[in-house]
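Structure, as C-alpha cells:
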Amino acid sequence: MKDTEFKPYISPEKSPSELTVSSIIMGVLLAIVFGAANAYLGLRVGMTVSASIPAAVISMGIIRIVLRRDSILESNMVQTIGSAGESLAAGAIFTLPALFLWAAEGIMEAPGIFEIFIISICGGILGVMFMVPLRRALIVQEHKTLPYPEGTACAEVLLAGEKGGEGAKTVFGGMGFAALCKFLVDGLKVIPGKISVNISLLKTELSTQVYPALIGVGFICGPRIASFMLAGGILGWFVLIPAIVLFGSDTVLYPGNETIFHLYTKGGASNIWSLYIRYIGAGAVAAGGIISLIKSLPLILSTFRDSIKGLSSSKNVSTERTSLELNMKFIFSAILAMILFIWLLPVVPVTLLGAALVILFGFFFATVSSRMVGLVGSSNNPVSGMAIATLLFSTLILKAAGEAGSHGMQAAIAIGSIICIVSCMAGDTSQDLKTGFLLGATPKKQQIGELIGTIAAAIAIGGVLYLLNSAWGFGSTELSAPQATLMKMLVEGVMNGNLPWGLIFIGIFIAIAVEILRIPVLPVAIGLYLPLELSTCIMLGGLIRLFLEKRKLSEEDKKRKLNNGILFSSGMIAGEGLVGIFLAILAVLSVEHKIDLSQIANTGIFGGSLLILVILFCLHRSSTK
C-alpha cells in the first residue's frame, strides 16, 4: 500500500507540538505510575492491563484543561511514553521475582538494583529497536489487513478529544475511590481483605477478596474470560481439593511430608492448595502457554516470513514528516550495545552463549509479537508461551553446555526476562505506532518517546521490586508472584529434576482436556493456579459488565458506557496499585502498625460484604453515566 492511499488526521504538511517538555514529564510520570501499579497487580494476580487508553485520557484532560493547549499529537506522545512503563513492568515481574525467591531459599544472592536495571533496559531497548525496522512493513504497507485493535481504539479515544476532560475525571475518580478502599482494607485494616466460608462436607472453602482492582480487572477482561478463570478455580477448590482430602487422607504425598489429613487439619484447604493444587495449576499453565504457541505456530512462521519479506522490500525513501524514523545506523548500534552489555557486564549472569540466545529468540519473538498484536490484539498475544518456550530451550541448552546449578538457573531467568520484556515492548511499540500512524504523528519522535518511557520504567522497576519484596516477600499471600513462581519451578525442574512430576502431568492433561473442549486453556489454567478468592472477585467485575452488555441500549450508548466502565476500572487498578506501593513503604519503615485499627474497629464479614457491594455499585454507576 502506498502512503498516499491513507490520509492521517493531522496531515504531513503540518507540524503541531509532539515531543515537548510537558509531554515528556507527564509521560515519564505515567510510565512510572502505571508501571508500578501494574507490577503490583501482576505480582498479586499474574496478569496486567493496558495503560494506553487511561494514559491518553489523563493526558488529554491535563493538556486541554490545565495547560489549555490543543495538540492531539502531544496527548498521543504522553500515552506512548506512559504505556511503555506498563509493558516493561509486565515483562519484568513475570520473571525477575524468581531470583528473589531463590535468594530467600539461600540458593543465590538477591539481584541488585543495577542488575535489574540492566536486564530491564536491555530487554526494553531491544524490543523497541527490533520493532522499528518493521514499522513500514507492518503498520504502513499492511494498514488495511492488520487492525491493531488496542492502537486503533486508543486513536479513537484521542480523536474524541472534546470528551477528554470527562474521561479524565472518570479515571481520577476510579483512582481516588480505589485508593480509599485499599487504605481502609490494608492500611487501617478495619475491613477484612478476604471473606471465606468453610464447607466442611467437601473439605474446602468458598472465598473472595475485597479489592476494587480485581473487580476492575474482571470488568476489563469481560464475563467470558472471568468465567473461564472461575471455572479453573472451581475445578481446583471444589473438585481436586475434596478428592485429595477425601481419598488420600492417610497418604503422605510429595511434596508434603505429613499425611494429607494432618496437613488439612493444620492449614485447611489453603494448605492443600499450596502443596498440591499449585503444581497441578503450574502444569496446566505451562501446557496452556505451549498449546497457544503450537496453535499459533503456522501464524508465527508465516508472520516471521512475511515480516522479513516486507522488511526487505520497504525502503523509506519519503522525506515527509510522517515517514521520518530513527536512523538504521543508530538502531544497529543500540542493538549491538545492548548485546555487549548483556555479555560483558559481570552484573548480568549471561555468557556469550546466553547473549547469542537473546539475539536468536529476541528478534524472532519481537517480530512475531509485533505482527500478532496487529492481528489478535495484545491481550491474545501468547507472551507467556513465548517466555515458557524460551526458558525451557535456554535451560536445556545451558545445562548441555555445562552451565548447571545456581549460575545456570540465574542465567536462564535472566535470558527469559530479557526475552519476555522484548516481546512485551515490541507489541506495545507496534500498537503505539499504529495509533500515531492513524493520527499523523512523527514516527521518529514516537520511537524516541518509547525509549524515554523504557528508560524511566527500567530505572524505577528495580526499586519497586525491592520495595514490594521487602514489605511482603514474593510468594507470600499478599504477593504470590504466580508467573515468576511458575518460571522458577520450570527452570528448577529442568536443572534439578526435583518437581512432583505426577502433579505437573495431571495439570498438563487437564489443559489438554480443556483444549479438546475448545475452551481457551490459559484463563482456565490461571484460575486453577491462583487462589479461588482472586477468581471469584474478578468474576464479580465480569458480571457487572455482563449486566451492562445485556441492557437494551443503542450501540453508541453501549459503547460509551462500556468505555466509561473501562476508564473507571483502569483508574481503580492504578489507585489501588499506588496505595499498595505507599503501604509497602510504611511496612519497610516498620510504621504500618501505627495506623492499624483492626483491634479497635474490625467490621469482619459484614464490612467486607458491604464494601464489595459499594464497589460494584460505584463501578455500575460510573459506567451508566
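All values reported here derive from a predicted model rather than from experimental measurement.
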[X] versus [Y], closest heavy-atom pair with distance:
X	Y	value
Ser417	Leu96	OG-CD2, 3.4 Å
Tyr264	Ala269	CE1-N, 3.7 Å
Ser196	Lys194	CB-CE, 4.0 Å
Val358	Ile419	O-CD1, 3.6 Å
Ala511	Gly288	CB-N, 4.4 Å
Ser87	Asp428	OG-CB, 3.0 Å

Taking the side chain as C-beta and beyond, is there a heavy-atom pair between [X] and [Y] under 4.5 Å?
X	Y	answer
Met572	Cys181	no
Lys182	Leu578	no
Ile415	Leu398	yes
Leu562	Phe219	yes
Lys203	Ile241	no
Ser120	Ile421	yes
Leu532	Thr204	no
Val422	Ile418	yes

How long is the straight-line distance from [atom2] of [Y] back to [atom1] of [X], given to the nearest 0.5 Å?
X	Y	atom1	atom2	value
Trp273	Tyr279	CH2	OH	10.5 Å
Leu230	Trp237	CG	CH2	13.0 Å
Asn38	Ser83	CG	OG	11.0 Å
Arg44	Ile93	CZ	CD1	12.5 Å
Asp186	Trp472	CG	CH2	7.0 Å
Ile195	Thr536	CD1	OG1	9.5 Å

So with a 6.0 Å cut-off around [atom1] of [X], is the heavy-atom count from everything else above 12?
X	atom1	value
Tyr254	OH	yes
Phe261	CZ	no
Phe238	CZ	yes

| query | Given the rule in the side chain to side chain contact (heavy atoms under 4.5 Å, CB included) test, do Val521 and Ile512 qualify, once you have shown the distances and angles that lead to the verdict? | reply | CA-CA 8 Å; Val521 177; Ile512 293 172; over 6 Å; no
| request: Could you go through the side chain to side chain contact (heavy atoms under 4.5 Å, CB included) check for Leu240 and Ile510 one step at a time? | output: CA-CA 11 Å; Leu240 296 178; Ile510 287 175; 4.1 Å; yes
Does the [X] side chain pair with the main chain of [Y], one donor and one acceptor, at a distance under 3.5 Å?
X	Y	answer
Thr259	His262	yes
Thr395	Leu392	no
Lys558	Glu549	yes
Gln431	Gly151	yes
Lys399	Val494	yes
Ser622	Leu619	yes
Glu576	Ala213	yes
Tyr276	Leu253	yes

| task | Go through the side-chain N and O atoms of Glu492 and Trp102 and say whether any donor and acceptor fall under 3.5 Å apart. | result | yes
| request: Start with the C-alpha gap between Cys537 and Ile215, add the side-chain angles, then the distance that decides, and say whether side chain to side chain contact (heavy atoms under 4.5 Å, CB included) holds. | output: CA-CA 6 Å; Cys537 194; Ile215 293 176; 3.7 Å; yes
| field | Criterion side chain to side chain contact (heavy atoms under 4.5 Å, CB included) on Ile413 and Leu391, from CA distance to verdict | value | CA-CA 7 Å; Ile413 287 293; Leu391 274 177; 4.2 Å; yes
| query | When Thr485 is tested against each of Met489, Gln483, Met487 for side chain to side chain contact (heavy atoms under 4.5 Å, CB included), which residue passes? | reply | Met489
| request: Measure the acute angle between the ring planes of His620 and Phe547, then classify it against the limits of 30° and 60° as parallel, tilted or perpendicular. | output: tilted
| query | With under 30° as parallel and over 60° as perpendicular, where do the rings of Trp501 and Phe505 fit, or are they tilted in between? | reply | tilted
